[in-house]
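Scroll down for the structure; my scribbles are underneath it.
Only a predicted model underlies this, so the values are computations on that prediction, with no experimental measurement involved. We number each residue from 1, following the sequence as shown.
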Amino acid sequence: MWITVLIFAVAAIVGLTMALAVFQGRLPPIASAITHGALAATGLVLLIVAVCHGAAGPARWSLGFFLAAALGGFTLVFAYHARRKNLPANFVVGHATLAVIGLLLLLAGALHLI
């Protein structure tokens, strides 16, 4: 589970750099978007495998939040970034909030806090 936590944490750091660009009114670099998406997708696949093999409750809740964040990420990529339109800051904040909740749940489960 720790590799999954690490992958999502790195994806979060890349996502934070992209969010900072959005808040400055700039379009995030495509390389950052690809890296962020690839890391998040890898973490999501690993988390799905873990849940399918009986991971506990926090991992299942985490998966739900990450899936919702992924839907938001797809929307950001295909409705805005791919069309070179500025990403709406409120949508970016919502996407990030879902992903951070997912990461915190996953981390709490890995540390056996819940």
Which residues pass the side chain to side chain donor-acceptor pair (under 3.5 Å) test with Arg60, sequence neighbours left out? none

Any idea which heavy atoms bring Ala99 and Ala69 closest together, and the distance? N-CB, 3.8 Å

Heavy atoms only: give me the nearest Leu44-Ala70 pair and the separation to one decimal. CD2-CB, 4.1 Å

Run Phe65 and Leu105 through side-chain contact (heavy atoms from CB on, under 4.5 Å) and show every step you take. CA-CA 9 Å; Phe65 279 97; Leu105 283 168; 3.6 Å; yes

OG of Ser62 to CG of Leu103: how many Å apart, nearest 0.5 Å? 7.5 Å

So, for Pro28 and Ala21, which heavy atoms are closest and what is the spacing to 0.1 Å? CA-CB, 4.2 Å

Scanning both residues in full, the closest heavy-atom pair of Ala11 with Ala40 reads CB-N, 4.0 Å

Hey, could you give me the CG/CG distance between Leu76 and Leu71, rounded to the nearest 0.5 Å? 11.0 Å

Just wondering, are more than 12 heavy atoms of other shown residues or ligands nearer than 6.0 Å to CZ in Phe23? yes

Partner of Leu106 by side-chain contact (heavy atoms from CB on, under 4.5 Å), out of Leu63, Leu111, Ile101, Thr4: Thr4

Between Met1 and Ala110 the two heavy atoms that sit nearest each other are CG-CB, 4.2 Å

As a quick check of understanding, evaluate side-chain contact (heavy atoms from CB on, under 4.5 Å) for Thr35 and Leu39, giving each step before the final call. CA-CA 6 Å; Thr35 302; Leu39 286 167; 3.9 Å; yes

Aromatic rings Phe66 and Phe8: how do their planes relate, parallel, tilted or perpendicular, breaks at 30° and 60°? parallel

Would a hydrophobic clustering, with Ile, Leu, Val, Met, Phe, Trp and Tyr connected at side-chain separations under 4.5 Å, put Ile7 with Ile13? no

Which atom pair, heavy atoms only, marks the closest approach of Ala33 to His81? CB-CE1, 4.1 Å

Under a 3.5 Å distance rule, please check whether His95 uses its side chain to pair with a backbone N or O of Gly72 as donor and acceptor. no

Any side-chain heavy atom of Val22 within less than 4.5 Å of one from Asn86? no

Co-membership, hydrophobic cluster, residues Ile114 and Val100, 4.5 Å side-chain: no

Give a yes or no on whether Val77 and Leu27 share a hydrophobic cluster (residues Ile, Leu, Val, Met, Phe, Trp, Tyr; joining criterion: side-chain heavy atoms under 4.5 Å apart). no

I'd like to know whether CG of Leu113 has more than 12 heavy-atom contacts from other residues, nucleotides or ligands below 6.0 angstrom. yes

Connected via hydrophobic side-chain network under 4.5 Å: Trp61 and Leu98: yes

Transitively linked via ILVMFWY side-chain contacts under 4.5 Å: Leu87 with Phe91? yes

